[in-house]
Structures are given as C-alpha cells and as structure tokens.
Undergrad: 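My structure is below; once you've seen it, I'll send some questions.
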Amino acid sequence: EPEVTQTPSHQVTQMGQEVILRCVPISNHLYFYWYRQILGQKVEFLVSFYNNEISEKSEIFDDQFSVERPDGSNFTLKIRSTKLEDSAMYFCASERGGAQETQYFGPGTRLLVL
Amino acid sequence: SQQGEEDPQALSIQEGENATMNCSYKTSINNLQWYRQNSGRGLVHLILIRSNEREKHSGRLRVTLDTSKKSSSLLITASRAADTASYFCATVETSGSRLTFGEGTQLTVNP
C-alpha cells in the first residue's frame with residue numbers, strides 16, 4: 001500500500017541553523033500539508049500546498065518557514081533560522097484531492113533545536 | 001475557541017471491554033476524521049465521516065456524528081492491549097482543507 005515517507009527521522013541542530021525536512025507524498029496525490037506536534041501537545045497545522053503554491057497557512061508559518069516541491073516527488077519544509085521553540089515532531093501529509101478526502105500522514109521527523 | 005476537544009482525556013479499561021471517546025467541535029465542518037497515534041510515532045488514519053453521514057463502521061470501530069450537537073464519538077469494541085494509543089479527532093471546516101486536531105484521548109487497554 002502506498003505511503004507517505006519522511007526523511008530524516010530525527011534531526012538535531014543548533015539554534016540559528018537552517019534545516020530542510022523532506023517528504024515524499026503518495027504519488028497520485030495533489031494536496032500536501034505540513035503539521036507539527038510539540039511534545040505533549042496537539043497536532044497543529046502549518047501549511048497546505050496545491051498546484052505548486054501555498055493554498056493556506058497558519059499564524060505559525062511565518063517568514064522563517066518555506067515550502068517547495070522541487071521535483072515531481074519531493075515536498076520540503078525549510079526553516080531558515082531555527083529557534084528553540086521549533087523543536088517538535090513535523091508531519092507531512094498528502095491527500096488525493098478535495099476537502100472530503102482522507103489525509104495520509106508520514107511517520108514524522110523529530111527536530112531538536114539546541 | 002477550541003476545535004475538536006476530546007473527552008475523556010484519559011481512559012483505562014480491561015481487554016475485551018468497549019472504549020468510547022467523544023469529540024466536540026465549534027464550527028461548520030466538511031468532515032471529521034479520527035486518527036490514532038502510538039507514543040512518539042506517526043498518525044494513523046482510522047476513519048472519515050462526512051457531514052451528511054451519521055454513522056460509519058470499520059471493523060471494530062464505530063463512529064457517529066451529530067452535526068446538530070457538533071459532536072462525534074468513536075467506539076472501539078472488544079478492545080485489545082494493542083489498541084493502547086492516543087486517539088485524536090480532527091475536523092475539516094467548510095472553508096478550507098486543513099485538519100484541526102483536538103487534544104486527544106489516551107487509551108490504555110490492560111491485558
């Protein structure tokens with residue numbers, strides 16, 4: 001069964017460094033998402049992406065964040081200058097199409113900012 | 001306002017018993033989805049119920065949706081120790097496609 005994959009599974013970085021989190025969505029899916037979950041808290045929406053542009057973003061998704069679909073398979077989240085409070089599990093999700101569809105989540109990348 | 005609030009926050013039952021978790025929300029929705037998360041792991045989709053549906057079944061799972069009360073319930077029948085996990089409801093509002101998650105219910109099934 002097709003699944004969403006994410007790399008790396010864990011990343012440790014120093015405050016102020018740039019990180020790129022990578023996702024490979026399910027191949028025939030058209031909508032892509034990033035969510036994050038700070039330890040012990042609920043899952044929060046960051047951004048949605050469709051047709052090579054951001055379709056919706058939350059107040060968390062400020063200028064330090066960017067997303068890109070550099071080729072036909074990868075979907076990336078870049079954090080330009082990481083802060084301690086960016087430490088969280090970051091989940092990518094993909095959806096075949098439309099708001100009535102299931103969003104399938106990847107296993108997550110655990111980011112630790114020191 | 002909080003969207004997708006679950007109760008109880010924690011539930012501990014014996015294997016073989018049924019587990020019921022509830023979720024309330026505040027806005028108009030397109031659909032409501034239930035996910036499961038084992039400790040520190042990814043989110044596994046369980047079931048999606050659309051706003052025009054009232055009940056859905058999938059194996060040992062039964063989900064109900066009451067849009068007049070803006071609430072949903074997830075019933076797991078004949079629970080197993082392997083069902084131990086956190087369960088989240090998440091809503092998709094009529095105005096977008098983002099999922100808005102609740103705080104989750106931590107279910108412990110004792111063997």
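By convention in this document, chain letters (A, B, ...) are assigned in the order of the sequence lines, proteins followed by strands, and residues within each chain are numbered from 1.
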Undergrad: Is the CZ atom of B:R80 crowded by more than 12 outside heavy atoms at less than 6.0 Å?
TA: no
Undergrad: Starting at OH of A:Y104, measure out to NE2 of B:H45 and round the result to the nearest 0.5 Å.
TA: 6.5 Å
Undergrad: Mind checking whether A:W34 and A:I79 sit in one hydrophobic cluster, side chains of I, L, V, M, F, W, Y counted as touching below 4.5 Å?
TA: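 Linked, A:W34 and A:I79 end up in one cluster.
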Undergrad: Answer yes or no: are there more than 12 heavy-atom neighbours, outside A:D63 itself, under 6.0 Å from its atom CG?
TA: no
Undergrad: So for A:Q37, is it side chain, backbone, both, or neither that comes closer than 4.5 Å to the heavy atoms of chain B?
TA: side chain
Undergrad: Flag yes if B:V92 and B:L43 sit in one hydrophobic cluster, no otherwise; membership is Ile, Leu, Val, Met, Phe, Trp, Tyr, and two members link when side-chain heavy atoms are under 4.5 Å apart.
TA: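 Yes; B:L43 is reachable from B:V92 via cluster members.
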Undergrad: Nearest 0.5 Å, please: how far is NZ in A:K42 from OG1 in B:T100?
TA: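 The NZ atom of A:K42 is 8.0 Å from OG1 of B:T100, to the nearest 0.5 Å.
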Undergrad: Consider only side-chain heavy atoms of I, L, V, M, F, W and Y, link residues closer than 4.5 Å, and tell whether A:V113 and A:F65 are in one cluster.
TA: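 Linked, A:V113 and A:F65 end up in one cluster.
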Undergrad: For B:Q9, I'd like to know if atom CD has over 12 heavy atoms of other residues, nucleotides or ligands within 6.0 Å.
TA: no
Undergrad: Going hydrophobic residue to hydrophobic residue with side-chain gaps under 4.5 angstrom, can you get from A:Y50 over to A:L77?
TA: no
Undergrad: For the residue pair B:Y35 and A:Q103, what are the closest heavy atoms and their distance?
TA: OH-O, 2.7 Å
Undergrad: I'd like to know whether CG of A:L84 has more than 12 heavy-atom contacts from other residues, nucleotides or ligands below 6.0 angstrom.
TA: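 Yes, the 6.0 Å shell around CG holds more than 12 heavy atoms from other groups.
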Undergrad: Kindly work out whether a path of hydrophobic side-chain contacts (I/L/V/M/F/W/Y, heavy atoms less than 4.5 Å apart) joins B:I47 to B:I49.
TA: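 B:I47 clusters together with B:I49.
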Undergrad: With a 4.5 angstrom heavy-atom cut-off, which part of A:Y35 approaches chain B: side chain, backbone, both or neither?
TA: side chain
Undergrad: What are the residues of residues 52-61 of chain A, in order of number, with any heavy atom under 4.5 angstrom from a heavy atom of chain B?
TA: A:E56, A:K57, A:S58
Undergrad: I would like to know whether A:F91 and B:Q37 meet side chain to side chain contact (heavy atoms under 4.5 Å, CB included); could you show each step before the answer?
TA: CA-CA 12 Å; A:F91 294 107; B:Q37 183 180 39; 3.6 Å; yes
Undergrad: By a 4.5 Å heavy-atom criterion (distance strictly below it), what part of B:R41 contacts chain A: side chain, backbone, both, or neither?
TA: backbone
Undergrad: Of all heavy-atom pairs between A:V43 and B:F101, which one has the smallest distance, and what is that distance?
TA: O-CB, 3.5 Å
